[in-house]
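Take a look at the structure below.
For ligands, and for the atoms within them, numbers begin at 1 and follow the listed sequence.
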Amino acid sequence: MTKLNLDINQIIELDAESKYFKEVYKSQVLEIDSNHLVISIPYQEKQPILLGVGTKIEVTAKRIGKDSKFKSEIIDRDLDQEIFKIIKPDGISRNKRQYSKENMAKVIAVTSGKGGVGKSTFVSNLAVALAQNDKRVSVIDADLGTANLDILLNINAEYNLGDVIDGRKALIEVVEEGPEGVVLVPGGSGFQALTKLEEVQFSKLISSFNQLDEYSDLILIDTAAGVSENVTNFLLAADETIVVTTPEPHCIIDAYSIIKVASNLEKDIKIKLVVNKADDKEEATKVANKMKQVVKEYIGLDIDFIGYIAMDLNVLKAIKKKELLLLSHPRSKASKGIKDIVSNHFLEEEASEEVKGIKGFINKFKGFIS
Ligand SMILES: Nc1ncnc2c1ncn2[C@@H]1O[C@H](COP(=O)(O)OP(=O)(O)OP(=O)(O)O)[C@@H](O)[C@H]1O
Ligand SMILES: [Mg+2]
């Protein structure tokens with residue numbers, strides 16, 4: 001008997017005993033009951049894969065380092081809701097994490113003025129740290145020029161956002177599951193299109209993020225660096241924006257610029273600051289206080305310093321070994337910084353916060369382009 005814990009939200013693969021549907025299709029676990037599972041109807045080339053009731057399937061659930069497989073059968077389908085009901089074999093149970101369906105996913109954009117400050121390192125490790133604290137996390141690699149979250153999260157991505165933008169794939173077909181069940185929407189390198197997207201295409205892309213909402217507590221968006229319209233569109237539409245800076249003067253000035261541009265477009269924008277590659281807490285606090293003061297004085301905006309990450313050679317060691325810092329060096333200085341940000345900012349606050357979620361994100365975005 002296979003013993004396996006499944007998460008709500010988890011990506012699975014279906015291999016059907018069918019003459020017509022011969023490939024392996026991606027789906028997502030939506031509900032786990034005592035004797036059946038509800039899963040999303042898979043898509044291929046943007047067409048729903050309408051397996052018939054009674055079709056036998058082999059299900060593969062991916063987990064770090066190992067896949068688990070079990071046999072099942074489709075017992076019902078609802079084409080309007082785009083779901084299959086399948087048999088749940090004994091031994092399959094629901095992970096003990098408890099999720100509330102009513103909560104909308106909080107959308108957080110992570111950006112910087114200057115490139116190379118450590119956004120992607122931060123986002124990938126933050127996602128896994130949040131997942132270790134029982135949050136369901138989806139990550140969107142929106143830096144299509146030099147997307148690399150797949151590499152940082154050690155995921156072999158077959159498709160990416162480029163395929164979604166070009167209309168070849170539905171979002172669910174490109175997502176991959178990474179460490180601790182983090183769901184990644186891969187970005188795809190060398191793809192210039194995001195900076196040149198037509199508004200309609202961009203709007204469609206953002207609408208497709210909708211599919212992540214119900215199954216995520218947090219949606220992290222790793223944007224490109226610098227001020228461009230598509231980057232600011234992401235920032236404006238998110239519930240909050242984390243600006244990453246290093247203590248270097250150039251970097252601070254560029255961070256200031258992006259805050260200024262964003263706040264010119266929306267005066268109440270919620271900006272959080274993370275200082276990366278700091279020598280120590282003292283240096284980081286100094287940089288953050290200076291930044292807060294200048295932003296308050298010249299822009300009239302209160303920004304919130306949510307933590308710092310030390311300059312740490314373990315970050316480079318982890319990358320060389322193709323491992324995620326938080327998993328390979330959990331007690332390193334840099335990992336500690338990320339964990340502190342999770343406990344101080346993400347686990348403490350909440351409740352009272354107004355979260356618009358991805359639907360708010362989409363509406364807000366549409367408001368900006370019209
Ligand atoms: N705390 C840290 N200590 C040491 N090195 C770090 C730290 N954070 C990031 N780095 C290194 O800095 C470099 C840039 O990091 P990363 O790719 O995460 O930046 P980025 O802001 O996403 O860059 P880009 O703007 O190109 O997307 C990488 O080599 C990374 O290993
Ligand atoms: Mg990056």
Proximity to ligand 1 by part of [X], non-hydrogen separation under 4.0 Å:
X: A310; value: backbone
X: V244; value: neither
X: V117; value: both
X: L152; value: neither

Pull out every atom of ligand 1 sitting under 4.0 Å from any heavy atom of [X], numbered as shown with elements.
X: T121; value: 9 (C), 15 (O), 16 (P), 18 (O), 30 (C)
X: D143; value: 27 (O)
X: S120; value: 18 (O), 20 (P), 22 (O)
X: G115; value: 25 (O)
X: L316; value: 29 (O), 31 (O)
X: M311; value: 3 (N), 4 (C)

What residue among K169, K46, R168 forms salt bridge (Lys or Arg N to Asp or Glu O under 4.0 Å) with D163?
->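 Answer after filtering K169, K46, R168: R168.
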Distance-only polar pair, side chains of Y308 and E283, donor-acceptor under 3.5 Å =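 No pair is found: no donor N or O on one side chain lies under 3.5 Å from an acceptor on the other.
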Residue pair N276 / T246, side-chain donor-acceptor N/O under 3.5 Å |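 Absent: no donor and acceptor within the cut-off.
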Taking the side chain from [X] and the backbone from [Y], do they hold a donor-acceptor pair closer than 3.5 Å?
X: E173; Y: E45; result: yes
X: D141; Y: L184; result: no
X: D312; Y: K333; result: yes
X: N314; Y: K317; result: no
X: S72; Y: I87; result: yes
X: D150; Y: N156; result: no

Residue among K290, M291, K292, E297 satisfying side chain to side chain contact (heavy atoms under 4.5 Å, CB included) with V294 |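 Result for side chain to side chain contact (heavy atoms under 4.5 Å, CB included) with V294: K290.
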Taking the minimum heavy-atom distance to atom 24 (P) of ligand 1, which of A225, G116, G226 ranks first?
->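 The nearest heavy atom belongs to G116.
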N/O separation below 3.5 Å, [X] to ligand 1:
X: K119; value: yes
X: K277; value: yes
X: I319; value: no

What count do you get for protein N/O/S atoms less than 2.8 Å from the Mg ion (ligand 2)?
->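 Excluding waters, the total comes to 1.
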For K71 and E58, what are the C-alpha separation, side-chain angles and deciding distance, and is it a salt bridge (Lys or Arg N to Asp or Glu O under 4.0 Å)?
-> CA-CA 5 Å; K71 300 224 181 281; E58 185 177 59; 3.3 Å; yes
Atom 14 (C) of ligand 1 touched by protein (heavy atom, under 4.0 Å) |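 Looking at atom 14 (C) of ligand 1, one finds that a protein heavy atom does lie closer than 4.0 Å.
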Taking the side chain as C-beta and beyond, is there a heavy-atom pair between [X] and [Y] under 4.5 Å?
X: K339; Y: P330; value: yes
X: L235; Y: L265; value: no
X: P186; Y: E176; value: yes

Would you mind checking which non-hydrogen protein atom is closest to [atom], with the distance to 0.1 Å?
atom: atom 19 (O) of ligand 1; answer: G118 N, 2.9 Å
atom: atom 8 (N) of ligand 1; answer: N276 ND2, 3.0 Å
atom: atom 3 (N) of ligand 1; answer: D312 N, 3.0 Å
atom: atom 17 (O) of ligand 1; answer: N148 ND2, 4.0 Å
atom: atom 2 (C) of ligand 1; answer: V315 CG2, 3.6 Å

Take every heavy atom of S112, measure it against each atom of ligand 1, and state whether any distance is under 4.0 Å.
->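 Checking ligand 1 against S112, which is what was asked, there is no heavy-atom contact under 4.0 Å.
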Got a second to check how far I242's CD1 is from I221's CD1, nearest 0.5 Å?
->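 Between atom CD1 of I242 and atom CD1 of I221 there are 11.5 Å.
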List for me each residue that meets side chain to side chain donor-acceptor pair (under 3.5 Å) alongside D302, sequence neighbours excluded, and say none if there are none.
->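 Result, side chain to side chain donor-acceptor pair (under 3.5 Å) vs D302: K296.
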